[in-house]
Amino acid sequence: MAEETIFSKIIRQEIDAPLLYQDELVTAFRDIAPKASSHILIVPNKLIPTINDVSADDEAALGRMITVAKQLAKEEGIEKNGYRLIINCNQHGGQEVYHIHMHLVGGEPLGPMLCI
Ligand code: 5GP
């Protein structure tokens, strides 16, 4: 059984973190330490520690993360200029929180930005 992270508490709204989006599969909220003027995290409600742990059963949630990213990019007004979606995996990928999350970053030119 994977250990819960702070993201589970945010998903359940047990701590004060405004949500930008939530449905039965995914939740989105702003990153606490934004690396660009728009920096949103989109997470599956189910605790999946890393991309290495996904299964076919998770495809609906993983697909929903993309459609929600598209919707939020539009709401942020960054869809035309563009943005980047990033999922880090494990140590070499720079993952810090072991509950899968997609970074939606934009609002300015991002450059190479290999680390987020
Ligand atoms: P990772 O490096 O795992 O891909 O990204 C983890 C992200 O979670 C970081 O960008 C970090 O700023 C963000 N983060 C860590 N703790 C919290 C928190 O308690 N609330 C929010 N909103 N973001 C967090």
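Counting starts at 1 for both ligands and their atoms, in listed order. Numbering of residues begins at 1 and proceeds along the displayed sequence. Below, each value reflects all heavy atoms present in this structure, side chains not excepted, and no hydrogens, waters or symmetry copies.
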Non-hydrogen atoms of [X] versus ligand 1: any pair closer than 4.0 Å?
X     : value
Ile15 : no
Phe7  : yes
Gly94 : yes

Identify, for [atom], the protein heavy atom at the shortest distance, and state residue, atom and that distance.
atom                    : result
atom 15 (C) of ligand 1 : Val97 CG2, 4.1 Å
atom 11 (C) of ligand 1 : Asp31 OD1, 3.4 Å
atom 3 (O) of ligand 1  : Glu96 N, 2.6 Å
atom 22 (N) of ligand 1 : Arg30 O, 2.8 Å
atom 23 (N) of ligand 1 : Ile32 N, 3.2 Å
atom 1 (P) of ligand 1  : His101 NE2, 3.0 Å

>> I need the contact type for Ile87 against ligand 1. Using non-hydrogen atoms and a strict under-4.0 Å cut-off, is it side chain, backbone, both or neither?
In response: neither

>> I need the contact type for Lys35 against ligand 1. Using non-hydrogen atoms and a strict under-4.0 Å cut-off, is it side chain, backbone, both or neither?
In response: side chain

>> Could you measure the distance from the CG atom of Leu104 to the NZ atom of Lys70? Nearest 0.5 Å is fine.
In response: 13.5 Å

> CG/Leu47 to CD/Glu3 distance, rounded to the nearest 0.5 angstrom?
Replying inline: 9.5 Å

> Taking atom 19 (O) of ligand 1 as the point of reference, which of Ile116, Ile86, Ile6, Ile40 owns the nearest heavy atom?
Replying inline: Ile6

Contacting atoms of ligand 1, where contact means under 4.0 angstrom from a heavy atom of [X]:
X      : value
Ala33  : 12 (O)
Phe29  : 22 (N)
His103 : 1 (P), 4 (O), 5 (O), 7 (C), 10 (O)
Asn88  : 1 (P), 2 (O), 4 (O)

When you check the gap from the basic side-chain N to the acidic O, do [X] and [Y] get nearer than 4.0 Å?
X      : Y     : value
Arg12  : Glu4  : yes
Arg64  : Glu59 : no
Glu108 : Lys35 : no

>> Would you say that more than 12 heavy atoms from the other residues, nucleotides or ligands in this model lie under 6.0 Å from the CG of Asp53, or not?
In response: yes

>> Centroid separation under 6.0 Å, is that true for the rings of His99 and His101?
In response: no

> Do Tyr21 and Phe29 make the cut of ring centroids closer than 6.0 angstrom?
Replying inline: no

>> Testing the 3.5 Å rule here: is there a donor-acceptor pair between the side chains of Asn90 and Thr50?
In response: no

>> Would you say Gln71 and Glu75 are linked by a side-chain donor-acceptor pair, where the criterion is simply a distance under 3.5 Å?
In response: yes

> Do ligand 1 and Leu41 have nitrogen or oxygen atoms that lie under 3.5 Å from each other?
Replying inline: no

